[in-house]
Amino acid sequence: MTAATSSLIEELRARGLIAQMTSEEELNAHLSEGPRVLYCGFDPTADSLHLGHLVPLLVLKRCQDAGHHPIALVGGATGLIGDPSFKAAERQLNTPDVVAGWADKIRGQVSQFIKFEGVDNPARVVNNLEWIGSMNVLDFLRDVGKHFSVNNMINKESVQQRLQREGAGISFTEFSYALLQGLDFAELNRRYGCTLQVGGSDQWGNIVGGIDLSRRQNQAQAFGLTVPLVTKADGTKFGKTESGAVWLDPAKTSPYSFYQFWLNTADADVYKFLRYFTFLPVADIEAIEAADAAAEGRPQAQSILAREATLMVHGPEGLAAAERITDAMFSGSLQDLGESDLAQLAQDGLPSSELPADFAEKPLTTLLADAGMVKAAREAKDALTRNAVLINGEARGMADNMEAARCFAPTAALYGRYFLVKLGKKKNHLFVLSAQ
RNA sequence: GCAGGGGUUCCCGAGUGGCCAAAGGGAUCAGACUGUAAAUCUGACGCGAAAGCUUCGGUGGUUCGAAUCCACCCCCCUGCACCA
């Protein structure tokens with residue numbers, strides 16, 4: 001965690017974190033010679049970062065731990081344009097005030113992961129709106145545009161599918177995106193001596209553009225490094241659940257859901273993800289893998305990954321909350337839960353809701369669907385048909401469907417008002433009888 | 001603009017007058033097996049507890065009856081032409 005003793009590049013490679021880089025030998029030497037300044041950009045395309053952003057963000061942290069100065073760039077300007085790289089269709093523009101609001105949130109999130117004080121190599125957060133926002137068109141065209149060849153740009157793989165695709169096309173606006181990202185690099189190079197840009201592998205073309213511009217404008221040598229796109233062994237998209245993306249914002253994805261996401265990682269992916277998403281030494285991860293391979297039954301890797309990742313993103317309290325719910329839902333028994341425990345579970349982020357006043361007249365299927373336990377009442381029906389719905393531990397079936405009054409009778413409630421409903425193996429919801 | 005092909009339930013894709021809420025595959029959800037895995041098997045899969053209700057680009061029409069036939073309109077693809 002101090003100065004770069006064993007090569008940073010070696011470490012990243014051992015973790016499988018390098019997709020592409022410019023001139024390995026030179027970059028390795030460059031990073032070994034002393035503290036360097038590097039950056040990675042995050043465009044505000046939503047009000048939170050998600051798991052896909054985490055890998056490059058953690059690479060920034062890994063670099064800081066190795067003694068370098070990271071800069072997290074929030075794309076307040078580029079977010080207004082939209083990156084066309086490897087996208088199938090033109091994006092819809094968001095309004096400036098919306099993007100500005102998102103940029104603020106992203107700035108806060110990014111800041112959790114890197115240190116700004118108390119270290120010799122403090123990090124920095126910048127917003128490219130600062131220099132792009134005030135730039136005038138003629139300066140842009142003369143100072144930046146002149147250095148980019150349209151011939152090269154249209155040959156880039158990242159825009160090919162947009163150029164070839166019938167009926168899609170690409171607007172001049174999005175086509176210009178690469179120039180903005182290029183000028184960011186050149187600008188950071190001038191301002192802070194930034195010499196390395198890190199990004200996802202889809203950013204390679206943009207990064208190379210920035211390196212070229214830095215050389216042409218500043219006569220400076222700069223480097224690029226990309227991290228691989230996170231993939232899963234079964235070919236499905238990483239970072240998605242039934243309910244959508246896994247966000248870093250606890251208000252959008254609760255620490256409990258976040259923890260559960262990692263806990264459900266497939267064996268085929270878990271050791272790779274430990275390398276990507278934790279700071280455990282590679283040797284330790286190899287030891288975990290060996291121990292799991294030798295042991296019968298359930299591997300320990302998933303719970304280690306879930307614990308490490310949740311701790312890193314949501315802190316000790318978030319992890320504690322996630323573990324409380326997990327223990328209560330998957331190992332403990334209802335009898336072990338005290339009244340305050342139940343209240344705590346709801347606070348910790350266990351999905352919960354109040355029973356509507358007229359619940360007695362509604363079918364169970366409707367109540368469960370309205371509470372968000374299932375996407376359509378039909379799924380609740382299916383579960384009921386298989387006796388896969390437990391209300392306070394008691395199995396319910398279709399025969400009980402019109403018996404909500406009996407199923408949720410106050411006398412059956414825990415502490416007079418709580419009902420823990422389990423649907424299938426993984427879906428839990430706390431229903432609360434409204435007080436009166 | 002002309003000629004030809006096409007728009008089907010989340011996606012792909014059958015269906016060309018009743019047996020169609022619509023084959024098959026994928027995705028998804030649930031069950032069994034397990035480890036809150038994977039693989040496999042089973043069930044569900046427009047909405048609804050049910051009665052029943054609403055779908056096959058849009059609008060109108062023919063018919064006892066249409067996703068299927070007719071008319072017009074919208075959109076996409078493929079050639080050709082026009083424009084260069």
Side-chain angles (χ1 to χ4, degrees), chain A residues 88-90 164-169 231-246 254 256-274 288-289 291-307 309-310 322-333 345 350-351 356 358-391 395-408 420-429:
Chain A
E90 183 87 7
Q164 286 168 358
R165 192 179 175 120
E166 202 76 40
T231 55
K232 293 203 294 178
D234 65 4
T236 57
K237 206 167 173 188
F238 168 78
K240 293 273 187 187
T241 64
E242 315 76 61
S243 37
V246 177
S254 72
Y256 165 65
S257 306
F258 188 86
Y259 181 90
Q260 285 287 322
F261 171 82
W262 293 111
L263 203 58
N264 281 296
T265 303
D267 294 1
D269 295 316
V270 69
Y271 306 100
K272 175 166 87 171
F273 291 178
L274 279 168
I288 293 167
E289 184 164 9
D292 282 345
E296 289 285 312
R298 184 176 198 161
Q300 55 175 333
Q302 278 86 349
S303 49
I304 294 172
L305 174 61
R307 201 158 55 233
T310 309
E323 288 184 323
R324 271 198 298 275
I325 300 177
T326 298
D327 287 347
M329 295 306 112
F330 294 98
S331 43
S333 82
L345 291 181
L350 179 70
D358 59 346
F359 75 88
E361 294 139 39
K362 298 193 172 179
L364 254 32
T365 48
T366 305
L367 292 170
L368 300 191
D370 288 352
M373 289 193 79
V374 286
K375 280 194 221 102
R378 211 212 77 245
E379 287 183 8
K381 175 183 163 187
D382 186 47
L384 282 169
T385 306
R386 291 152 183 281
N387 289 315
V389 175
L390 300 186
I391 300 179
R396 296 297 184 176
M398 271 311 273
D400 301 300
N401 194 33
M402 299 311 290
E403 302 289 341
R406 204 157 47 73
C407 294
F408 291 110
L420 217 35
V421 177
K422 189 178 192 88
L423 190 158
K425 270 181 230 172
K426 299 185 187 176
K427 294 178 177 174
N428 293 285
H429 192 98

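Sequence lines set the chain letters: A, B, ... in the order given, protein chains first and strands last, and positions in each chain run from 1.
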Sequence neighbours excluded, which residues qualify as salt bridge (charged side-chain N to carboxylate O under 4.0 Å, His left out) partners of [X]?
| X | answer |
| --- | --- |
| A/Arg324 | A/Asp348 |
| A/Arg406 | A/Asp400, A/Glu403 |
| A/Asp292 | none |

Of the nucleotides B/C29, B/U28, B/A49, which one has an atom closest to the side chain of A/Lys375?
-> B/U28
Nearest-nucleotide pick for A/Glu379, side chain only, options being B/C29, B/G48, B/A50 | B/C29
Spacing between [X] atom [atom1] and [N] atom [atom2], to the nearest angstrom:
| X | N | atom1 | atom2 | answer |
| --- | --- | --- | --- | --- |
| A/Met398 | B/A30 | CE | P | 17 Å |
| A/Lys422 | B/A30 | NZ | P | 12 Å |
| A/Glu361 | B/A50 | CD | C1' | 17 Å |
| A/Leu423 | B/G31 | CG | C1' | 12 Å |
| A/Leu367 | B/A49 | CG | C1' | 12 Å |
| A/Phe359 | B/A49 | CZ | C1' | 17 Å |

At under 4.0 Å between heavy atoms, what does A/Ala233 touch on the DNA or RNA strands: base, sugar-phosphate, or nothing?
-> nothing
Sugar-phosphate only, base, or nothing, as touched by A/Lys381 at under 4.0 Å among non-hydrogen atoms = sugar-phosphate
Going by the rule side-chain hydrogen bond (donor to acceptor under 3.5 Å, both in side chains), which residues pair with [X] if we only count those two or more places apart in sequence or in a different chain?
| X | result |
| --- | --- |
| A/Gln260 | A/Thr326 |
| A/Ser303 | none |
| A/Lys232 | A/Thr236 |

Would you say A/Leu367 and A/Phe408 make side-chain contact, with heavy atoms under 4.5 Å?
-> yes
Any strand is fair game: report the nucleotide pairing with [N] by Watson-Crick or G-U wobble, both distances under 3.5 Å, or none.
| N | answer |
| --- | --- |
| B/G4 | B/C77 |
| B/C45 | none |
| B/U59 | B/A71 |
| B/C10 | B/G26 |
| B/C19 | none |
| B/G35 | none |

Within residues 377-390 of chain A or reaching into it, pairs that qualify as salt bridge (Lys or Arg N to Asp or Glu O under 4.0 Å) - sequence neighbours excluded = A/Asp382-A/Arg386
Could you go over nucleotides 52-56 of chain B and give all protein N or O partners under 3.5 Å, atom names and distances?
none

So which protein N/O to nucleotides 36-39 of chain B N/O distances come out below 3.5 Å?
from, atom 1, to, atom 2, distance (Å)
B/U36, OP1, A/Arg298, NH1, 2.8
B/U36, O2', A/Asn264, OD1, 3.1
B/U36, O2', A/Lys426, NZ, 3.4
B/U36, O2, A/Gln260, OE1, 3.1
B/U36, N3, A/Gln260, OE1, 2.8
B/U36, N3, A/Gln260, NE2, 3.3
B/U36, O4, A/Gln260, NE2, 3.1
B/A37, OP1, A/Lys426, NZ, 2.9
B/A37, N3, A/Asp267, OD2, 3.3

Backbone N/O of A/Ala233 and side chain of A/Asp269: donor-acceptor pair under 3.5 Å = yes
What one-letter contact string describes nucleotides 40-46 of chain B from 5' to 3', where B marks a base within less than 4.0 Å of any protein heavy atom, S marks contact via sugar-phosphate atoms alone, and - marks no contact?
-> ---BBS-
The side chain to side chain contact (heavy atoms under 4.5 Å, CB included) partners of A/Met329 (sequence neighbours excluded) come to A/Tyr256, A/Ile325, A/Leu345, A/Leu350, A/Leu420, A/Asn428
A/Asn387: what forms a side chain to side chain contact (heavy atoms under 4.5 Å, CB included) with it, not counting sequence neighbours?
-> none
Given A/Leu305, which of A/Thr310, A/Ile288, A/Leu263, A/Thr265 fulfils the side-chain contact (heavy atoms from CB on, under 4.5 Å) condition?
-> A/Thr265
